[in-house]
Amino acid sequence: MPTTVRSAADAAAPERSRHAVAALAAAVVGFFVITLDATIVNVALPTIRDELGGGMTGLQWLVDGYTLMFAALLLSAGALADRIGARRAFGSGVVVFAAASAACGLAPGLGILVAARFLQGAGAAVVMPTTLALIREAYDDRAGRAHAVAVWATGGAAAAAAGPLVGGVLTELSWRLIFFINVPVGVVALLLLARITPSPRRRVPFDLPGQVAAVAGMGGLTYGVIEAGADGFTASHVIAALAVAVLGTAGFFMIEARTAHPMVPLEMFRNRAMATAVTIGFAFMIGFYGMPFLLSLYFQQVRGLSSMATGVAFLPMMAFAALFTPASSRLVHRIGRRASITGGLLLMAAAMIILAVLPATAPPWAVAALMIPVGLGGPLVMPPLTAHLLDTVPAHRAGVAGGILNTARQIGGALAVAVFGALLAGRAGFLHGLRMSLFITVAVLLSTIVVTPLLGQRHDTT
């Protein structure tokens with residue numbers, strides 16, 4: 001290589017390195033704040049209800065408004081990032097998310113708060129896939145990219161661990177702070193983004209009819225289940241919502257089967273790994289997302305704990321999960337992915353059975369200890385499941401496969417909150433609803449174990 005060319009390349013290397021570090025930092029900050037927002041709200045739910053009213057239905061919409069839009073728009077967010085570039089899409093998503101967070105913090109009533117939560121979910125759906133796209137663009141070498149993804153995953157695990165405790169501390173001051181905290185974090189992400197080189201763009205078709213049908217199907221089902229808890233399944237608006245869900249879902253599959261550029265190619269479900277991963281991811285999230293919703297209310301409504309004490313009760317579960325995440329790949333390498341996933345589901349189910357039969361007067365520390373196995377189920381199930389999926393789908397389908405898996409997970413979480421909230425508000429009382437919800441989760445987890453043999457057996461490192 002001529003000296004002048006080599007000198008120019010050497011001079012450009014530090015600049016590329018700075019751009020890569022800025023891209024990774026922005027991706028970690030974006031992933032952190034989105035993950036934090038998914039876990040920070042649960043602890044504040046009773047306090048928000050006391051101030052703004054709304055009953056159990058209102059609390060369900062506070063959680064599911066965010067999750068529903070996240071799930072519905074996640075499928076097409078990747079296509080949007082390709083069309084306008086990952087850098088611009090990430091920035092747009094962060095702006096929407098931060099503005100919606102400010103609206104949540106300023107909300108004068110429950111209706112405005114729920115509407116802002118929907119907008120938050122829309123912003124999060126755009127940010128989430130673009131965090132990995134930024135890393136992919138910034139790191140050309142496989143080793144550097146693997147390290148960057150590990151840092152990114154650690155940021156998410158730290159956010160999940162910190163969410164309940166941070167939510168409890170901030171709620172003691174004001175529940176509005178759990179939303180306002182997102183604004184300065186969003187500003188930091190945008191400042192980091194300004195140091196990143198623009199992303200390439202591609203002309204990618206956007207499946208608008210499919211997206212509309214997906215929102216109708218998911219939204220109708222979630223609305224119908226939540227409102228059925230308050231008014232019963234025979235109420236006219238519940239019947240109408242469930243009809244919309246059926247029509248929207250049927251329409252979605254018809255559109256995806258006939259359109260030239262579907263956002264969810266239906267032939268992917270002929271891949272056994274894809275169908276199995278979606279089933280397991282859906283079931284896993286019912287427990288991993290539904291249980292914090294249940295026990296946040298239990299600790300405060302039944303046991304009389306403060307929001308801060310409730311956050312502390314969740315700390316062992318989240319902390320053990322975060323600490324175990326980096327080491328889980330070595331365990332999976334030794335025992336295989338299928339054994340790890342099966343073991344994680346069994347561990348979660350066993351803990352929930354004990355929680356379901358535990359006396360209501362059991363000390364909070366005992367409940368907190370039994371939550372730890374549920375937290376450990378996360379690193380035992382999701383990393384090997386995701387790795388197995390990405391190994392068994394074509395490379396050009398990896399992004400779509402990841403989007404489908406994450407959408408299934410979010411739908412599982414949204415339905416868990418919808419169904420569990422209806423049971424908690426039932427005539428049989430809170431504790432009966434709590435136990436029924438836990439038993440339902442156990443049944444789902446155990447029935448899902450039946451499909452794990454379809455994964456085959458791999459001992460690759462994740």
Side-chain angles (χ1 to χ4, degrees), residues 15-40 66 70 74 77-78 81 85-98 101 120-121 123-167 178-179 181-199 318-319 321-329 378-379 382-383 386-387 390 399 402-403 406 409-410 462:
E15 185 66 20
R16 287 198 303 271
S17 178
R18 284 194 292 270
H19 283 304
V21 171
L24 176 58
V28 169
V29 170
F31 187 37
F32 181 92
V33 73
I34 288 172
T35 306
L36 184 75
D37 206 77
T39 60
I40 200 173
Y66 179 86
F70 198 150
L74 193 59
R87 180 176 180 266
R88 179 176 291 184
F90 179 88
S92 302
V94 168
V95 168
V96 170
F97 183 83
S101 297
Q120 262 193 319
V126 177
V127 171
M128 179 65 180
T130 52
T131 57
L132 286 174
L134 290 175
I135 291 174
R136 179 65 183 85
E137 292 172 5
Y139 292 87
D140 293 328
D141 63 300
R142 189 170 182 177
R145 188 161 61 245
H147 174 71
V149 170
V151 173
W152 172 85
T154 301
L165 183 59
V166 172
I178 68 174
F179 299 111
I181 194 175
N182 296 333
V183 178
V185 176
V187 172
V188 170
L190 293 175
L191 291 174
L192 291 168
L193 195 67
R195 303 182 61 185
I196 302 172
T197 54
S199 301
M318 297 299 189
L323 292 172
F324 182 60
T325 296
S328 62
S329 61
M382 287 315 303
T386 304
L390 294 180
N406 282 307
R409 294 176 65 228
Q410 296 300 323
T462 58

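In this text, all values refer to a predicted model and were calculated from it rather than measured experimentally.
Between A23 and L134 the shortest heavy-atom distance is CB-O, 4.1 Å. Taking each heavy atom of A321 and P379 in turn, the nearest pair found is O-CG, 3.9 Å. Contact record, A26 with F90: O-CZ, 3.3 Å, taken as the closest heavy-atom pair. Contact between V126 and A89 at its shortest, heavy atoms only, is CG1-O, 3.2 Å. Contact record, F97 with Q120: CD1-O, 3.5 Å, taken as the closest heavy-atom pair.
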* Asked: Stepwise, does the side chain to side chain contact (heavy atoms under 4.5 Å, CB included) test hold for L192 with V29?
  -> CA-CA 9 Å; L192 291 168; V29 170; 4.1 Å; yes

* Decide yes or no on side chain to side chain contact (heavy atoms under 4.5 Å, CB included) for Y66 and I34, but give the supporting numbers first. => CA-CA 10 Å; Y66 179 86; I34 288 172; 3.4 Å; yes

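In this structure, F32 and T131 have side chains that are not in contact, with every pair of non-hydrogen atoms separated by 4.5 Å or more. In this structure, the side chains of N182 and D37 come closer than 4.5 Å at one or more pairs of heavy atoms. V94 places none of its side-chain heavy atoms less than 4.5 Å from the side chain of L193.
Atom CD1 of I40 is separated from atom OG1 of T35 by 12.0 Å, given to the nearest 0.5 angstrom. In this structure, the separation between CE on M382 and CG on N406 is 7.0 Å, given to the nearest 0.5 Å.
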